[in-house]
Amino acid sequence: AQSVTQLDSQVPVFEEAPVELRCNYSSSVSVYLFWYVQYPNQGLQLLLKYLSGSTLVKGINGFEAEFNKSQTSFHLRKPSVHISDTAEYFCAVSSTGGGNKLTFGTGTQLKVEL
Amino acid sequence: ETGVTQTPRHLVMGMTNKKSLKCEQHLGHNAMYWYKQSAKKPLELMFVYSLEERVENNSVPSRFSPECPNSSHLFLHLHTLQPEDSALYLCASSQEDRDGTEAFFGQGTRLTVV
């Protein structure tokens, strides 16, 4: 069994400030890690994913995430946010060799203010 | 048309009605999924179809009945729903035999049960 914890339900931040959205996971097997973004009244869109190799993963819209195996974390970061980044962000895992069924966290609402 | 398309986008139904949600994917994937998204809860995986066979059913009430006539189409038949079934229902697809590939999501159907 695997689980994902997103401790922050809401993160307010001013435009052009940096942001970090936290994600921790637990699993008895190796995992793949994903961040998805959901804009209002939309489905989920992939931001980035970690499969193997370099622990720093770059995604779309200037986001990046770092896989930390010892801390079982996959935090999402952006050095300077824009108003258009206001959305809900979901961290997810799937297990290696287990197909592509995703287990999601509860999501973090990022609100960018002027 | 590309991606994953869901219809209708919005649905209001009474508890005694019967309705169906439709999902179509144009990505050539061989697995399709139904997820339920309720406020403040993690996305809940309801059903998984791989190669048109249902491979997972996560203890979903029988008032939800999925159907996958081919690898491109997925339906969710609804009958005698309860108000707590009001949620955003998301369809997704992926390539099941390629580990670590991401799921692609439709825009969802916002269901309100009155």
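Only this structure's heavy atoms are used, side chains among them; waters, hydrogens and symmetry mates stay out. Fair warning: this is a prediction, and the values are worked out from it, not measured in the lab. Proteins come first, then strands; the chains are lettered A, B, ... in the order of their sequence lines, and each starts at number 1.
Under a hydrophobic clustering in which Ile, Leu, Val, Met, Phe, Trp and Tyr are joined whenever their side-chain heavy atoms come within less than 4.5 Å, directly or via other members, B:Leu45 and B:Leu76 fall into different clusters. Both A:Val57 and A:Val4 belong to a common hydrophobic cluster when Ile, Leu, Val, Met, Phe, Trp and Tyr are linked at side-chain heavy-atom distances under 4.5 angstrom. The hydrophobic cluster containing B:Met46 does not contain B:Phe75, counting ILVMFWY residues as joined when their side-chain heavy atoms lie under 4.5 angstrom apart, directly or transitively. Cluster annotation: B:Leu88 and A:Tyr89 are assigned to distinct hydrophobic clusters (Ile/Leu/Val/Met/Phe/Trp/Tyr, side-chain heavy-atom contacts under 4.5 Å, transitive). Cluster membership check: A:Leu21 shares its hydrophobic cluster with A:Tyr39, using side-chain heavy-atom separations under 4.5 Å among Ile, Leu, Val, Met, Phe, Trp and Tyr.
When each of A:Leu46, A:Leu102, A:Leu48, A:Leu51 is checked for a side-chain contact (heavy atoms from CB on, under 4.5 Å) with B:Glu102, only A:Leu46 meets the rule.
Side-chain contact between B:Lys41 and A:Thr106 is absent, with no heavy atoms from C-beta onward closer than 4.5 Å. Looking at heavy atoms from C-beta onward, A:Phe90 lies in side-chain contact with B:Gln37 at the 4.5 angstrom threshold.
Between the side chain of B:Arg110 and the main chain of A:Asn41, no donor-acceptor pair closer than 3.5 Å is present.
Of all the heavy atoms in A:Gln38 and B:Leu90, the pair that sits closest is NE2-CD1, 4.5 Å.
Neither the backbone nor the side chain of B:Ala31 comes within contact range of chain A; no heavy atoms are under 4.5 Å apart. Heavy-atom distances place both the backbone and the side chain of B:Leu43 under 4.5 Å from chain A. With a threshold of 4.5 angstrom between heavy atoms, B:Ser94 approaches chain A through side-chain atoms but not through N, CA, C or O.
Atom CZ of B:Phe105 sits about 5.0 Å away from atom OH of A:Tyr36, to the nearest 0.5 Å. Remark: A:Gln45 CD to B:Gln107 CD distance equals 10.5 Å, nearest 0.5 Å.
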